[in-house]
Amino acid sequence: MAIINFLKNYERMARFKWGNFQGMRGPGPVWLIPIMHAGSRIDLRTEVMDIPRQRNITKDNAPIDIDFLVYMRVVAEYADRAVLEVENYRLAVVGLATTTLRAVVGDIDLDDVLSQRERINTVLRERLDAETERWGIKVTNVEIREIEPPRDIQDAMNRQMSAERIRRAVVREAEGTREAAVTVAEGEKQAAILTAEGQRQAEILTAEGDQQAAILRADGFANALDRIYGIAQNVDPNTMSLQYFETLKEIGNGASTKFIFPMEFTNLLKPFTNIAQSGKGTDGSGD
């Protein structure tokens, strides 16, 4: 009695007849006749292999525990290799991943193992994929899930991280103090510049005001002198002499006993002396 196997789209079956490989079958119904036929079903979907935690030795002889995940799938075109080339491809991938991880970590220092996780993932994937290709297996991704160094190394790393955080805090505080000092100095500089500029503008305005005031005063004096000169042009000698007499009268009313007269004073008296002499001549002729 034949047995019908219905294979899904992501499944394939390696069928053997009397022990001879006939090829991969599926998807769809696949007939197997007991005793005559034998079949091995293969899943083409991506599988996740959890690689157990294992201890590895770094290049600088530091022990470290690592566990990681391997994402792989059977390639449909080479699915027969997963049946004919390896007895148990899952177990084979786990063993290969374990030895490959030890080889990769053994070439890297502890600090690089802790800081370059992506690089280790890439190297592991490339090496595993190159080895599993002959089994028809494609390694699509490798992800390190956890890295755990020994307790003493963790304590040393914690102290180092604490010291680094303190150093960064001190550096940032120093930078903040420096920036604050620069800002204050820049503000004081700008204030001094503004103050000096204001004083300069005030002095300029004051000087301009004094200049304009002096010009106005000079213009006033000039106008006054022009008016005095214009009036003086119309004053006759008699008027000037009378003005001098009025001045002498005011001087005589003072308490001084000595008087100084300018030389021009005699010239101003000539009109009066001439009038007086003319008056005497007229009186003499009359007598």
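In this text the structure is predicted, and so the values were computed from the model without any measurement.
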If you apply the rule side chain to side chain contact (heavy atoms under 4.5 Å, CB included), what do you find for Val104 with Asn56, and how did you get there? CA-CA 10 Å; Val104 172; Asn56 300 269; over 6 Å; no
Sequence neighbours excluded - salt bridge (Lys or Arg N to Asp or Glu O under 4.0 Å) pairs with any residue from residues 121-131: Asp129-Lys138, Glu131-Arg134
Given 3.5 Å as the limit, does a donor-acceptor pair link the side chain of Asn121 with the main chain of Ile144, or not? yes
My understanding is that only residues two or more places apart in sequence, or in another chain, count here; which of them pass salt bridge (Lys or Arg N to Asp or Glu O under 4.0 Å) with Arg167? Glu164
Arg73 meets the salt bridge (Lys or Arg N to Asp or Glu O under 4.0 Å) criterion, sequence neighbours left out, with none
Return the CG to CD distance between Leu44 and Glu77, rounded to the nearest 0.5 Å. 9.0 Å
Please report the interatomic distance OG1(Thr177) to CZ(Arg172), rounded to the nearest 0.5 Å. 14.0 Å
Could you check if a side-chain atom of Ile33 sits within less than 4.5 angstrom of a side-chain atom of Ile35, using non-hydrogen atoms only? no
Does Ile137 offer a backbone N or O that forms a donor-acceptor pair with the side chain of Thr132 under 3.5 Å? yes
Looking only at heavy atoms, which two atoms of Asp67 and Pro52 are closest? And how far apart? CB-C, 4.1 Å
Tracing side-chain contacts under 4.5 Å among Ile, Leu, Val, Met, Phe, Trp and Tyr outward from Val170 reaches Ile166
Can you name the closest pair of heavy atoms from Pro34 and Ile3 and give their distance? CG-CD1, 4.1 Å
Within a strict 4.5 Å, meaning less than it, do heavy atoms of the Val94 and Ile51 side chains meet? yes
Report yes if the side chains of Asp109 and Lys59 come closer than 4.5 Å at any heavy-atom pair, otherwise no. yes
Identify the two heavy atoms, one from Arg55 and one from Pro63, that lie closest to each other, and give their separation to 0.1 Å. CD-CB, 4.0 Å
Can you sort out the partners of Glu148 under salt bridge (Lys or Arg N to Asp or Glu O under 4.0 Å), two or more places apart, ordered by chain and number? Arg53
Looking at Glu146, I want to see if its CD is surrounded by more than 12 non-hydrogen atoms of other residues, nucleotides or ligands under 6.0 Å. yes
Sort and list the pairs that fulfil salt bridge (Lys or Arg N to Asp or Glu O under 4.0 Å) and have at least one residue in residues 200-225, not counting sequence neighbours. Glu197-Arg200
Starting from Tyr71 and following side-chain heavy-atom contacts under 4.5 Å between hydrophobic residues (I, L, V, M, F, W, Y), which residues can be reached? Val48, Leu69
Roughly how far, to the nearest 0.5 Å, is OG1 of Thr206 from CD of Gln201? 11.0 Å
Does one hydrophobic cluster hold both Leu84 and Val86, with members joined at side-chain heavy-atom distances below 4.5 Å? yes
Which residue pairs pass the salt bridge (Lys or Arg N to Asp or Glu O under 4.0 Å) test when at least one of the two sits in residues 4-24, sequence neighbours left out? Glu11-Arg41
For the residue pair Val74 and Ala82, what are the closest heavy atoms and their distance? CG1-CB, 4.2 Å
Show which residues join Trp31 in its hydrophobic cluster (side-chain heavy-atom contacts under 4.5 Å, direct or indirect), or state none. Ile4, Phe6
Asp60 meets the salt bridge (Lys or Arg N to Asp or Glu O under 4.0 Å) criterion, sequence neighbours left out, with none
Which residue in the set Phe16, Tyr89, Phe21 passes side-chain contact (heavy atoms from CB on, under 4.5 Å) when paired with Val83? Phe16
If hydrophobic clusters are built by linking Ile, Leu, Val, Met, Phe, Trp and Tyr wherever their side-chain heavy atoms come under 4.5 Å apart, do Tyr10 and Met72 end up in the same one? no
Quick one, Glu143 and Phe68 - any side-chain contact, counting heavy atoms below 4.5 Å? no
For Ala103 and Asp107, which heavy atoms make the closest approach, and how far apart are they? O-OD2, 3.4 Å
Could you state the interatomic distance from CD (Gln116) to CD1 (Ile108), rounded to the nearest 0.5 Å? 6.5 Å
Residue pairs passing the salt bridge (Lys or Arg N to Asp or Glu O under 4.0 Å) test where at least one lies in residues 111-122, sequence neighbours excluded: none
Quick one: pull up CD1 in Ile57 and CG in Leu110 and give me the separation to the nearest 0.5 Å. 10.5 Å
Enclosure of Glu133 CD (heavy-atom neighbours >12, cutoff 6.0 Å): no
Criterion side chain to side chain contact (heavy atoms under 4.5 Å, CB included) on Leu32 and Met13, from CA distance to verdict: CA-CA 11 Å; Leu32 293 178; Met13 178 174 287; 3.8 Å; yes
Please name the pair of heavy atoms, one in Ile147 and one in Val113, separated by the smallest distance, quoted to 0.1 Å. CD1-O, 3.6 Å
Who else is in the cluster with Val75 when I, L, V, M, F, W and Y are joined by side-chain contacts under 4.5 Å? Tyr78
Rounded to the nearest 0.5 Å, how far apart are CD1 of Ile120 and OG of Ser115? 8.0 Å
